[in-house]
Amino acid sequence: MSRNLNICGIPLNSVWCDKQSNLEALEQNLSTQPATIDIVVLPEMFSTGFVINDKKQVAELAERNIDDTIYCIKKLSAKYNIAICGSHIARTNTRFYNRAFFIEPSGDEVYYDKRHLFSYGNEQTVYSSGNSLPPIIRFRGWNIMPIICYDLRFPVWCRNVGRKYDLMIVMANWPKVRERAWDQLLIARAIENQCYVCGINRTGTDGNSIVYPDDSSYIIDYKGNIISEKRNEIIFASLDYEKYSKFNEKFTALSDADSFSINL
C-alpha cells in the first residue's frame with residue numbers, strides 16, 4: 001500500500017531574469033520546511049520569470065540539463081531529501097524549450113517540454129513545442145504527471161486514461177486577469193480525472209508588467225475540494241492514498257470514458 005504523500009508548493013515572486021536571486025530564495029524557503037515533505041513544487045520558469053518576447057534574452061538565459069539551474073536543484077533535492085518539480089528555460093542544440101523537471105533525491109531526473117505554447121503571448125515564436133506526452137513518474141509509491149500552465153486548458157491532453165496517474169502537477173505563470181479560468185480549470189481537471197491536482201502559480205509582477213494573483217496556488221482532491229493549508233505564503237497538503245484509491249474503486253466513471261488517440 002502506498003503511503004500518504006506530503007506536498008509543499010512555493011508560489012515564488014520570481015525576480016525577473018535573476019537566476020541567482022531566485023535559486024537563493026528557493027534554498028531559503030526549503031531550509032525552513034518540515035522534514036516530512038516529499039515533494040516541493042515551483043512555478044513555471046521559476047528561476048527567470050516567463051520570458052517570451054526577446055529571443056536574444058532567452059538565448060542568454062537558456063540552459064542545458066547539466067548547467068547551473070538543474071545542478072543546483074539536484075544539490076537541494078539531495079540535501080533536503082525531497083523531490084523538486086518546476087520548469088525553466090532550456091536549450092537543446094539550437095532550440096529553446098519551456099522545460100519541466102522532476103528531480104529526486106537519488107539524482108533521478110525526468111523532463112517534459114511544454115506541448116501547448118501560449119500563442120496569445122507569442123510563446124511559439126521563441127520556443128519549440130514538446131513532441132511527447134507528459135511522463136508518468138513513479139515516486140514513493142505514487143504515479144505523478146507534470147504539465148505546464150497553458151497545457152491545463154486542454155482536457156484531452158490531461159486525460160487520465162486507465163487511471164495512469166494519481167497526481168497531476170501544474171506549474172504556471174497564470175496572470176490575474178484570467179485568474180477565474182485558472183481556478184475553475186484546476187478543479188475541473190481534478191474532478192474529471194478523479195485525481196489529486198497541485199497547481200502552483202507565481203505571484204507579484206513580472207518584467208513585462210504582467211500582474212499575478214497573490215493567492216492562487218492550490219492542492220485539490222479527487223472530488224474537486226481544495227485541501228491545501230497556507231503557512232507564510234507556502235501551501236501544504238498530505239495526500240491520502242487509501243481514501244483516494246477507495247473512492248476510485250467505488251466510483252468508476254473513468255472506466256466509462258471514451259477511447260481516443262493523440263496525434264503528436
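Numbering starts at 1 and runs along the sequence shown. Keep in mind that what you see is a predicted model, and the values were worked out from it rather than measured.
A donor atom on one side chain and an acceptor atom on the other are found under 3.5 Å apart for Asp206 and Tyr212.
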- Task: Apply the test side chain to side chain donor-acceptor pair (under 3.5 Å) to residues Asn122 and Tyr127: give CA-CA distance (whole Å), side-chain angles for both, the deciding distance (0.1 Å), then the verdict.
- Result: CA-CA 9 Å; Asn122 294 315; Tyr127 295 90; over 6 Å; no
- Check against salt bridge (Lys or Arg N to Asp or Glu O under 4.0 Å), Arg159 and Glu192: CA-CA 8 Å; Arg159 192 64 174 161; Glu192 71 195 10; 5.1 Å; no
- Verdict with reasoning, Arg138 to Asn143, per side chain to side chain donor-acceptor pair (under 3.5 Å): CA-CA 5 Å; Arg138 185 72 175 174; Asn143 293 325; 3.2 Å; yes
- Item | Audit row: Arg180, Asp183, salt bridge (Lys or Arg N to Asp or Glu O under 4.0 Å) steps and yes/no | CA-CA 5 Å; Arg180 177 170 170 77; Asp183 294 350; over 6 Å; no
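Side chain of Asn4 to main chain of Ser238: no donor-acceptor pair is present (N/O by atom type, distance under 3.5 Å, no hydrogens or angles).
Listed here is the closest heavy atom pair of Ile191 and Gly224: CG1-CA, 3.7 Å. Contact between Glu104 and Phe102 at its shortest, heavy atoms only, is CG-CE2, 3.8 Å.
Using a 4.0 Å cut-off between a side-chain N of Lys or Arg and a carboxylate O of Asp or Glu, Glu179 and Lys176 qualify as a salt bridge. Arg3 has a carboxylate O that lies under 4.0 Å from a charged side-chain N of Asp38, or vice versa, which qualifies the two as a salt bridge.
Between Asn65 atom CG and Glu63 atom CD the span is 9.5 Å, to the nearest 0.5 Å. The structure places CZ of Phe46 at 11.0 Å from SG of Cys85, a figure rounded to the nearest 0.5 Å.
Both tests pass for Arg163 against the ring of Tyr244: distance under 6.0 Å to the centre and angle within 45° of the axis. Remark: Arg99 fails to qualify as a cation-pi partner of Tyr112 under the 6.0 Å distance and 45° angle criteria applied to the six-membered ring.
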